[in-house]
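Reviewing the structure listed below.
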Amino acid sequence: MTAFLKKEWMELVRTGRLLLLLLVFILFGIMNPAIAKLTPWMMEIMAGQLAESGFTLTAVTVDAMTSWSQFYKNIPMALLLFVLLFGGIFTSEYQKGTLIPVVTKGLSRRRIAAAKMVLLLGTWTVLYFLCYGITYGYNAYFWDNGIARYPLLGAVCCWLFGVWVLAWLLLFSTIAESSTQVLLGTGAVVLGVYVPGLFPKPGRILPGKLLDGMNLLSGNSVPGDYYVSIGGACGMAAVCLLLAFLCFDRKKL
């Protein structure tokens, strides 16, 4: 498993996917406070232009909450890019036939699946909290993070949503024959959860609520409002990962 994990890591680095993801997550981490910091300046420029048309813009006050709002808007886009780049984590191996030699030489299929799972979830965790840490640091420097309530819980909830999505990605990767099928299946599940989540009652219990970190930070929600969604996301992710191992055991390579 260690050797296969090293092989996966080398492939991630040599294909440039790690560098691309690293740059994107760092960029988003910097952009969140940067956009908040530049908002008053941009509004002043727009106010001068709109004044000629008879419109008046009031002064805008920014703080750490403005930056955190950008964070929760941008992180789904980073997750989308992450999913697109890892959509072929299994299917590319099926198409190239690279798993056949290692399996015939005695490497357990479960260790192969475990290595890919560790790489996928580990990379997501490191990159996510890198982006979060950069935003948190800049917010502390420019403003005061004390204005945000439960910032860590909000971050963990958003991270857990990414784990839930990636668990479905792994499951579909062990079943499907192409990365397109994997992405379509994962997208269908996320969409199937997102649409009912727009309504108040199902929205309180579905995993999509985990992305609603701003209500938690602003104090409009309390931690108890997220416990059902956290439990549901953890349970579904665990089932998906278990099924992924079982399906890969029976997959024809």
Side-chain angles (χ1 to χ4, degrees), residues 5 8-9 11-29 31-32 70-96 112-132 155-197 206-213 229 232-234 236-245 247-248 251:
L5 186 59
E8 290 291 310
W9 172 256
E11 182 179 353
L12 180 63
V13 173
R14 290 176 177 175
T15 55
R17 288 181 296 164
L18 180 62
L19 179 59
L20 176 59
L21 287 170
L22 190 62
L23 291 175
V24 168
F25 277 80
I26 290 176
L27 179 61
F28 278 147
M31 279 177 55
N32 300 324
Q70 291 297 322
F71 174 83
Y72 286 103
K73 289 178 182 178
N74 289 333
I75 205 64
M77 292 187 288
L79 176 60
L80 175 61
L81 176 63
F82 192 94
V83 169
L84 290 174
L85 291 179
F86 279 92
I89 189 170
F90 272 100
T91 55
S92 61
E93 304 267 19
Y94 301 153
Q95 294 167 357
K96 296 176 184 177
I112 294 175
K116 288 183 177 291
M117 180 190 70
V118 168
L119 181 77
L120 185 68
L121 299 183
T123 304
W124 162 249
T125 300
V126 171
L127 291 175
Y128 174 84
F129 283 104
L130 174 63
C131 180
Y132 174 82
V156 171
C157 286
C158 193
W159 166 80
L160 182 58
F161 179 82
V163 172
W164 175 78
V165 172
L166 296 178
W168 282 103
L169 177 72
L170 278 171
L171 176 58
F172 283 113
S173 294
T174 59
I175 300 172
E177 299 296 333
S178 68
S179 59
T180 302
Q181 295 174 355
V182 174
L183 296 175
L184 287 175
T186 307
V189 171
V190 174
L191 186 62
V193 169
Y194 176 77
V195 174
L206 293 174
K209 184 173 179 60
L210 299 177
L211 290 175
D212 189 21
S229 297
C234 290
M236 281 190 278
V239 171
C240 286
L241 294 176
L242 177 61
L243 290 175
F245 277 82
C247 292
F248 186 61
K251 181 71 175 181

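Position 1 is the first residue of the sequence, and the numbers go up from there. All figures in this text were calculated on a predicted structure; none of them were measured in a lab.
By the 30° and 60° cut-offs, the orientation of the rings of Trp164 relative to Phe161 is tilted. Using bins of under 30°, 30° to 60° and over 60° for the plane-to-plane angle, the ring pair Tyr128/Trp124 lands in the tilted bin.
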| request: Report the C-alpha separation of Ile89 and Phe86 in whole Å, then their side-chain angles, then the decisive distance to 0.1 Å, and conclude whether the side chain to side chain contact (heavy atoms under 4.5 Å, CB included) test is met. | output: CA-CA 5 Å; Ile89 189 170; Phe86 279 92; 4.2 Å; yes
| task | Test Phe172 against Phe90 for ring pair (Phe, Tyr, Trp, His ring centres under 6.0 Å), laying out the working first. | result | CA-CA 9 Å; Phe172 283 113; Phe90 272 100; over 10 Å; no
| Given the rule in the side chain to side chain contact (heavy atoms under 4.5 Å, CB included) test, do Trp9 and Leu5 qualify, once you have shown the distances and angles that lead to the verdict? | CA-CA 6 Å; Trp9 172 256; Leu5 186 59; 5.8 Å; no
| said: For Phe25 and Ile75: C-alpha separation, side-chain torsions, deciding distance, then whether side chain to side chain contact (heavy atoms under 4.5 Å, CB included) applies. | reply: CA-CA 8 Å; Phe25 277 80; Ile75 205 64; 4.2 Å; yes
| request: Kindly determine whether Leu170 and Cys240 satisfy side chain to side chain contact (heavy atoms under 4.5 Å, CB included), including the steps that lead there. | output: CA-CA 8 Å; Leu170 278 171; Cys240 286; over 6 Å; no
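Taking OG1 from Thr15 and CG from Leu85, the interatomic distance works out to 8.5 Å, rounded to the nearest 0.5 Å. Put simply, CG on Leu81 and CG on Leu20 are 5.5 Å apart, with the number rounded to the nearest 0.5 Å. The CG atom of Leu120 sits 8.0 Å away from atom OG of Ser173, with the distance rounded to the nearest 0.5 Å. Here CG of Leu211 is found 12.0 Å from CG of Leu206. Values are rounded to the nearest 0.5 Å. Rounding to the nearest 0.5 Å gives a distance of 8.0 Å between OH of Tyr94 and OG1 of Thr91. Note that CG of Leu119 is 4.0 Å distant from OG1 of Thr123, once rounded to the nearest 0.5 Å.
Here the side chains of Leu22 and Leu130 are in contact, with some heavy-atom distance below 4.5 Å. Counting heavy atoms from C-beta outward, Cys234 and Leu160 have side chains that approach closer than 4.5 Å. Within the 4.5 Å cutoff, side-chain heavy atoms of Lys209 are placed close to those of Asp212. At least one side-chain heavy atom of Leu166 sits less than 4.5 Å from a side-chain heavy atom of Phe82.
Of all heavy-atom pairs spanning Thr174 and Ala244, the tightest one is CG2-O, 3.5 Å. Smallest separation of non-hydrogen atoms from Ala233 and Leu210: CB-CD1, 3.7 Å. Between Thr186 and Leu169, the shortest heavy-atom contact is OG1-CA, 3.6 Å. Here the shortest heavy-atom pairing between Ser178 and Gln95 reads CA-NE2, 3.7 Å. Ala176 and Val182 get closest at one heavy-atom pair: CB-CG2, 3.8 Å. Contact between Val193 and Gly208 at its shortest, heavy atoms only, is CG1-N, 3.8 Å.
Among residue pairs with one or both ends in residues 120-130, none qualify as salt bridge (charged side-chain N to carboxylate O under 4.0 Å, His left out); sequence neighbours excluded. Evaluation of the salt bridge (charged side-chain N to carboxylate O under 4.0 Å, His left out) test over residues 166-193, restricted to residues two or more places apart or in two chains, returns Glu177-Lys251. Screening residues 72-84 for side-chain hydrogen bond (donor to acceptor under 3.5 Å, both in side chains) gives Asn32-Asn74 as the qualifying pairs, with residues at least two apart or on separate chains.
Not counting sequence neighbours, Phe28 has no partner by the ring-ring contact (aromatic ring centres under 6.0 Å, His included) test. Remark: Glu8 engages Lys116 in a side chain to side chain donor-acceptor pair (under 3.5 Å) (not counting sequence neighbours). The side chain to side chain donor-acceptor pair (under 3.5 Å) check on Thr125 picks up Trp159, with sequence neighbours excluded.
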